Amino acid sequence: MGTLVGHVAPGAGFLLIGLWQLFSHIRLFLLRPSSYSAPVWFPVRGVRHLELILIIVGTVISILMELVIGPAKHQPFDDDGTIPSDHLHNFEHASISLALLLFAAVTIHMDRVRAPMRDAVSQLVAAAAFAQQLLIFHLHSADHMGVEGQFHWLLQTVIAVTLATTLLGIPYPRSFVVSLVRSASLVFQGVWFIVMGVMLWTPALIPKGCFLNYEEGHDVVRCRTDDALDRAKSLVNLQFSWYLTGTVVFVVVFFLQMAKLYPEEPRYLPLVKGGSGSSDSDGGRFSIGDDHDDEDDLEAAKGGFGHVVSGTKPIEIER
């Protein structure tokens with residue numbers, strides 16, 4: 001980070017994943033509102049783990065950009081092997097990418113080995129990644145007081161929402177509201193990263209009375225007077241408000257449009273014969289809609305195929 005591309009590129013990544021999650025959660029809820037259960041990720045036909053693979057690819061590229069490609073020496077260390085002060089922010093950004101990389105890798109592995117409680121564990125790993133992101137931006141070695149610091153402070157509020165909804169998704173996996181807010185917060189994270197990159201490193205968009213000053217290996221926005229700084233921060237607050245409003249409007253309109261495209265699926269109850277052990281006592285009765293295992297419900301919800309009826313009681317029919 002610390003450049004236009006360094007903010008726009010990860011912003012595009014957050015935006016892409018957020019839109020995919022938003023689309024998938026809304027579609028799943030509209031098709032099966034009564035049996036909705038929110039997965040952590042969504043498989044894709046042909047390449048099951050495409051979403052997680054894209055996260056891995058994006059985070060690896062980010063780490064390489066921060067620690068290898070970006071530095072002038074193509075390595076982030078000083079001659080004596082220590083970390084120079086002008087590369088501290090590179091390690092901070094790379095640490096965030098590493099946490100997200102760990103989440104994607106752990107989730108793929110747990111899905112392949114069919115580990116029990118894999119979604120809950122993946123949610124915890126994701127929450128740890130967002131907690132680390134929040135902590136690093138809160139204690140960022142970059143400017144805290146200037147215009148960039150104001151952008152980062154407002155970004156922390158969005159990350160906090162993502163973290164909170166990720167944690168709430170563990171005890172409330174069937175809450176569509178939690179999933180919707182989490183997906184929308186990922187979208188807004190992407191939007192705000194892009195806005196930061198464009199507004200902080202495009203000379204023509206620097207607020208009046210402020211300028212770009214090269215410090216510790218990257219350009220920083222500085223203001224000539226306190227009044228100019230206060231005005232610049234107020235403009236940042238206004239932009240945050242406007243983009244937040246725009247994101248909310250987009251999510252609502254997107255939900256309403258998808259509601260027209262994806263009506264609720266009809267619920268089919270399979271006709272199954274009762275267990276052999278009770279055939280003598282119940283006179284060969286048939287039951288409709290035996291209870292489904294929660295794990296099967298969740299897997300069916302992930303795949304987006306088939307018809308699931310969750311939590312139904314068997315209906316017995318005398319013949």
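Source: prediction; values computed, not measured.
- Taking the side chain as every heavy atom from C-beta outward, C223 and V147 approach each other to under 4.5 Å.
- In this structure, Y214 and V220 have side chains that are not in contact, with every pair of non-hydrogen atoms separated by 4.5 Å or more.
- Under a hydrophobic-cluster definition in which Ile, Leu, Val, Met, Phe, Trp and Tyr are linked whenever side-chain heavy atoms come within less than 4.5 Å, directly or via other members, V68 and I96 are assigned to the same cluster.
- Using a 4.5 Å heavy-atom threshold, the side chains of F137 and Q132 count as separate.
- For F77 and F91, the gap between ring centers is short of 6.0 Å.
- Looking at heavy atoms from C-beta onward, L31 lies in side-chain contact with R27 at the 4.5 angstrom threshold.
- Smallest separation of non-hydrogen atoms from T247 and A184: CG2-O, 4.3 Å.
- To the nearest 0.5 angstrom, M258 atom CE is 4.5 Å from F23 atom CZ.
- Looking at H93, Q189, Q156 one by one, the single match for side-chain hydrogen bond (donor to acceptor under 3.5 Å, both in side chains) with Q133 turns out to be Q189.
- With hydrogens and angles disregarded, a donor-acceptor distance shorter than 3.5 Å links the side chain of T157 to the backbone of L154.
- Remark: F130 pairs with no residue by the ring-ring contact (aromatic ring centres under 6.0 Å, His included) rule, at least two apart or across chains.
- A donor-acceptor pair shorter than 3.5 Å can be found between the side chains of S122 and T107.
- Nearest heavy-atom pair across R174 and S35 is NH1-O, 3.5 Å.
- Heavy-atom neighbours of Y243 OH from other residues, nucleotides or ligands within 6.0 Å: at or below the threshold of 12.
- Residues P39 and D119 come closest through the heavy atom pair CA-OD2, 4.1 Å.
- The aromatic rings of F250 and F254 lie parallel to each other, with less than 30° between the two planes, well short of the 60° mark.
- Rounded to the nearest 0.5 Å, atoms CG (L163) and CG (L134) are 6.5 Å apart.
- In terms of the side-chain hydrogen bond (donor to acceptor under 3.5 Å, both in side chains) criterion, T245 has no residue partners (sequence neighbours excluded).
- Using the six-membered ring where Trp is involved, F42 and H25 have ring planes that are perpendicular, over 60° apart on the 30 and 60° scheme.
- The two residues V221 and C210 have their closest heavy-atom pair at CG1-CB, 4.0 Å.
- Hydrophobic clustering of Ile, Leu, Val, Met, Phe, Trp and Tyr side chains at less than 4.5 Å, counting indirect connections, keeps L238 apart from V195.
- With hydrogens and angles disregarded, a donor-acceptor distance shorter than 3.5 Å links the side chain of T202 to the backbone of V198.
- The same ILVMFWY cluster, assembled from side-chain heavy atoms under 4.5 Å apart, contains both L50 and I108.
- Between S185 and T162, the shortest heavy-atom distance links the atoms OG-OG1, 2.8 Å.
- Residue V253 is not grouped with residue L19 when hydrophobic side chains (ILVMFWY) are merged at heavy-atom distances under 4.5 angstrom, including chains of intermediate members.
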One pair to check against side chain to side chain contact (heavy atoms under 4.5 Å, CB included): T59 and L98. What are the steps and the verdict? CA-CA 7 Å; T59 52; L98 181 62; over 6 Å; no
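- In this structure, the side chain of W20 does not engage the main chain of E51 through any donor-acceptor pair within 3.5 Å.
- The aromatic rings of F240 and F188 sit perpendicular to each other, their planes meeting at more than 60°, with 30° as the lower class boundary.
- Note on residues 101-121: no pairs pass ring pair (Phe, Tyr, Trp, His ring centres under 6.0 Å), not counting sequence neighbours.
- Side-chain atoms of E66 and E92, non-hydrogen and from C-beta on, never get closer than 4.5 Å to each other.
- For the pair D80 (side chain) and T82 (backbone), a donor-acceptor distance under 3.5 Å is present.
- Residues E264 and R32 have side chains not in contact (no heavy-atom distance under 4.5 Å, counting atoms from C-beta outward).
- Using a 4.5 Å cut-off on side-chain heavy atoms (C-beta onward), Q123 and T166 make contact.
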Side chain to side chain contact (heavy atoms under 4.5 Å, CB included) between L168 and S175: does it pass, once the steps are laid out? CA-CA 9 Å; L168 285 173; S175 173; over 6 Å; no
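- Checked against the 6.0 Å centroid threshold, F14 and F193 count as a close aromatic pair.
- Considering OG of S95 and CG of L135, their distance stands at 10.5 Å, rounded to 0.5 Å.
- Aromatic pair H138/W153: centroids not less than 6.0 angstrom apart.
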Audit row: Y36, S179, side chain to side chain contact (heavy atoms under 4.5 Å, CB included) steps and yes/no: CA-CA 11 Å; Y36 172 82; S179 301; 2.9 Å; yes
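- Shown here is Y172, whose OH atom has no more than 12 heavy atoms of other residues, nucleotides or ligands within 6.0 Å.
- A continuous path of ILVMFWY side-chain contacts below 4.5 Å connects V40 to V106, so both sit in one hydrophobic cluster.
- The closest side-chain heavy-atom distance from I56 to V60 is below 4.5 Å.
- Side-chain atoms of W192 do not come within 3.5 Å of backbone N or O of L244 as any donor-acceptor pair.
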Run the side chain to side chain contact (heavy atoms under 4.5 Å, CB included) test on V181 and V161 for me, step by step, so that the C-alpha distance in whole Å, both residues' side-chain angles and the decisive distance to 0.1 Å come before the verdict. CA-CA 8 Å; V181 175; V161 172; 3.8 Å; yes
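- Heavy atoms only, all atoms of each residue included: V47 and I53 are closest at CG1-CD1, 4.1 Å.
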